[in-house]
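Residues take their numbers from the sequence shown, with the count starting at 1.
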Amino acid sequence: MELEFHGATDGTTGSCHLLRAAGKTVLLECGMFQGRRDESRRRNAEFRFDPRQIDAVVLSHAHIDHSGKLPMLVRRGFDGAIHATDATSALCEPMLLDSAHIQLKDAEYLNKRRMLERVRGKRVERRRSKRERARRHEDDDAPSLYVSNPPRSEVLPLYLEEDVRDTLELFVDHRWGEWFSIAPGVRVRFHDAGHILGASWVECEVRERGKTTRLCFTGDYGRPQPILRDPTPLAPADVLISESTYGDRCHPPVDDTEEQLGAAVERLHKRRRGKLLIPAFAVGRTQHILYALDKIFERKRIADIPVVVDSPLAKRATEIVHRHPECYDEEAIERLARSERGESALRVRFTESVEDSKLLNRAPGPIVIVSASGMLESGRILHHLAWGIGSADTEIAIVGYQAQGTLGRRLVDGEPEVNILGFRHAVRARVTVMNGFSAHADRDGLLGALSPLAAQCKALFLVHGEDDQRLPLARSLRERGFGRVECPRNSALWKL
Ligand SMILES: [Zn+2]
């Protein structure tokens, strides 16, 4: 058996791990790297393996940092099966289509920027050559000595909607707990990872040369949280691949964080004007926030504050969530039933069009607006921020992880002025950070899930974590009896 790591080896995005076993090549995840635009483009443009040689893909869940390069894989010649749970494959449709749209917009932006760079370059050259000619007392009509910047080739989107459609045709759906064969000698089953709808950890059994080897891959391993069922405990295995997002950090309890959100709603209720803006990832976090708001509105008997979800992807994702009650815990099923009977205190409205979204800008409030993107780097939330951030009647609830360099991180860091859509804005709004909504296991959760497996495990690989998280986790796991814990680098090959 061989493992090759092609992503999420120096951070938490771009998951992509290659398994060679029983003469077959299986790809675990095919995720997109997410970070600064230029670096993302460079890192996402290529594969360091031939997509035509992959026999099958096994996908743990729909988040773009795990699934976002699948259409590129298909565009470059992969035509095998993509195995996932039915809820994951349902979520992949709107998410990959949304990603294709973002690729297109990105390419348009980069081409426009390059064109402007060329035009500006030419203007500078013209000014320079005019000065030069004046200095030499040359005639104005003499040809310029300077050559303008040569045009660079046009930037193309990484993939198009057509590629997404081709990709969706390759999905093969499975239920949790059911073995399926992906090649002779290789069988797999999914288990509930309690991370987002449909998210799984993967158990893989390989028979070669009369020997059976078991491999478990955590995908993104969740934690007990509202709505979703708790993660199924991991199974003992010879080889483990684990995420390490919060390998050295512990989350505050979810209940405390919901209290914080409740206090923000109460402030809005007392003020009787203004907005509570909640930037949230469209899939997972938005639904958790709605669920928390439902409880808060009921407990505090608030019925007159409208809650608007302003994200087309979140609308689609929420519809899909409602179609998969098999993924919920009992309280969520009960709450869902009440909302369908119209008995909930919370009245949620989803915006339909861009015009509908723009109308919210002028709403005096009180109003709660949940909108993407979660790290405030793009999407409709930027317009709401631009309108609201200069007012003391606005509160911004930061409910997710904010990566270095993002607008969200600058707000968390308390910068007094920020740039939004090309304009400077003074931050007069209140910014409240609520850290407990995470859908990942924290250090204690990961140690609790992995430690019982130390005796059987011959090799444990840590991926999907910054080094300041995965290296301390590796140390803790060695202390708990794991003989071999590796933190692979990009393209690292391991023979087992
Ligand atoms: Zn995830």
Side-chain angles (χ1 to χ4, degrees), residues 8 12 15 17 28-29 60-61 63 66 85 176-177 189-204 214-258 284-285 288 327-332 400-401 434-488:
T12 58
S15 284
H17 318 301
L28 297 170
E29 326 284 70
S60 73
H61 68 292
H63 273 153
H66 292 254
T85 60
W176 282 319
R189 61 177 167 171
F190 291 116
H191 301 271
D192 192 344
H195 169 64
I196 60 162
L197 184 81
S200 310
W201 61 268
V202 178
E203 185 180 9
C204 178
R214 198 174 292 270
L215 178 145
C216 282
F217 167 52
T218 61
D220 281 357
Y221 198 66
R223 61 194 286 235
Q225 55 175 328
I227 307 177
L228 296 176
R229 294 194 312 202
D230 294 353
T232 309
L234 299 171
D238 305 291
V239 180
L240 286 164
I241 306 172
S242 173
E243 68 129 317
S244 54
T245 315
Y246 294 103
D248 195 32
R249 205 171 298 160
C250 284
H251 303 312
V254 175
D255 287 352
D256 292 4
T257 311
E258 288 186 2
R285 192 57 41 87
H288 187 173
C327 302
Y328 304 156
D329 61 17
E330 276 174 25
E331 194 190 344
Y401 178 73
M434 305 177 187
N435 275 329
F437 284 113
S438 178
H440 286 267
D442 62 6
R443 188 193 62 201
D444 291 350
L446 287 172
L447 287 175
L450 292 167
S451 297
L453 317 178
Q456 188 181 331
C457 180
K458 296 187 184 79
L460 163 61
F461 296 89
L462 292 181
V463 293
H464 202 286
E466 305 280 349
D467 276 354
D468 70 340
Q469 300 297 312
R470 69 172 178 164
L471 297 179
L473 181 65
R475 273 198 298 279
S476 306
L477 288 164
R478 285 187 200 107
E479 283 163 16
R480 280 165 174 75
F482 281 91
R484 184 177 171 195
V485 184
E486 306 285 354
C487 294

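Evaluation of the salt bridge (Lys or Arg N to Asp or Glu O under 4.0 Å) rule for Arg470 yields Asp467 as partners, not counting sequence neighbours. In terms of the salt bridge (Lys or Arg N to Asp or Glu O under 4.0 Å) criterion, residue partners of Arg229 (sequence neighbours excluded) are, by chain and number, Asp192. Partners of Phe437 under the ring-ring contact (aromatic ring centres under 6.0 Å, His included) rule, at least two apart in sequence or in another chain, are His288. Qualifying side-chain hydrogen bond (donor to acceptor under 3.5 Å, both in side chains) partners for Ser200, counting only residues two or more places apart in sequence or in other chains: Trp176. Annotation: side chain to side chain contact (heavy atoms under 4.5 Å, CB included) contacts of Arg480 (sequence neighbours excluded): Leu447, Ser451, Ser476. With sequence neighbours excluded, the residues that form a side chain to side chain contact (heavy atoms under 4.5 Å, CB included) with Pro252 are Thr257, Asn435. Taking the side-chain hydrogen bond (donor to acceptor under 3.5 Å, both in side chains) definition, one finds that Arg189 meets it with Glu203, sequence neighbours left out. With sequence neighbours left out, Ala332 forms a side chain to side chain contact (heavy atoms under 4.5 Å, CB included) with Ile227, Tyr291, Tyr328, Asp329. In this structure Glu466 satisfies the side-chain hydrogen bond (donor to acceptor under 3.5 Å, both in side chains) test with no other residue, sequence neighbours excluded. Qualifying salt bridge (Lys or Arg N to Asp or Glu O under 4.0 Å) partners for Glu331, counting only residues two or more places apart in sequence or in other chains: Arg335. Asp442 pairs by the side chain to side chain contact (heavy atoms under 4.5 Å, CB included) definition with Tyr246, Cys250, His251, Asp444, not counting sequence neighbours.
Considering only heavy atoms from C-beta on, Glu258 comes within 4.5 Å of Pro226 through its side chain. With contacts defined as side-chain heavy-atom distances shorter than 4.5 Å, the pair Thr218/Leu446 does not qualify. Contact check for Val485 versus Leu462: side-chain heavy atoms found under the 4.5 Å cut-off.
Rounding to the nearest 0.5 Å places CG of Asp220 at 4.0 Å from NE2 of His195. The NE2 atom of His61 lies 11.5 Å from the CG atom of Leu197; values are rounded to the nearest 0.5 Å. A distance of 7.0 Å separates SG in Cys204 from CG in Leu28, rounded to the nearest 0.5 Å. Met434 contributes atom CE, which lies 12.5 Å from atom CG of Asp256 (distance to the nearest 0.5 angstrom).
Heavy atoms only, all atoms of each residue included: Arg223 and Gly436 are closest at NH1-O, 3.0 Å. Taking both residues in full, the closest heavy atoms of Leu234 and Leu450 are given as CD1-CD2, 3.7 Å, listed atom of the first, atom of the second, then distance. The shortest non-hydrogen separation linking Ala193 to Pro231 is O-CB, 3.4 Å.
The backbone N or O of Gly219 lies less than 3.5 Å from no partner atom in the side chain of Glu29, so there is not a single donor-acceptor pair. Put simply, the side chain of Trp201 never gets that close to the backbone of Ala235: no donor and acceptor are under 3.5 Å apart. Judged by distance alone, the side chain of Glu486 and the main-chain N or O of Ala474 form no donor-acceptor pair under 3.5 Å.
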For residues 236-245, tabulate all N or O donor-acceptor pairs below 3.5 Å that involve a side-chain atom, not counting sequence neighbours.
from	atom 1	to	atom 2	distance (Å)
Asp238	OD1	Lys458	NZ	2.9
Asp238	OD2	Arg214	N	2.7
Glu243	OE1	Thr245	N	3.0
Glu243	OE1	Thr245	OG1	2.5
Glu243	OE1	His440	ND1	3.4
Glu243	OE2	Tyr221	N	2.8
Glu243	OE2	His440	ND1	3.0
Ser244	OG	Val463	O	2.8
Thr245	OG1	His440	ND1	3.4
Thr245	OG1	His464	O	3.4
Thr245	OG1	His464	ND1	2.9

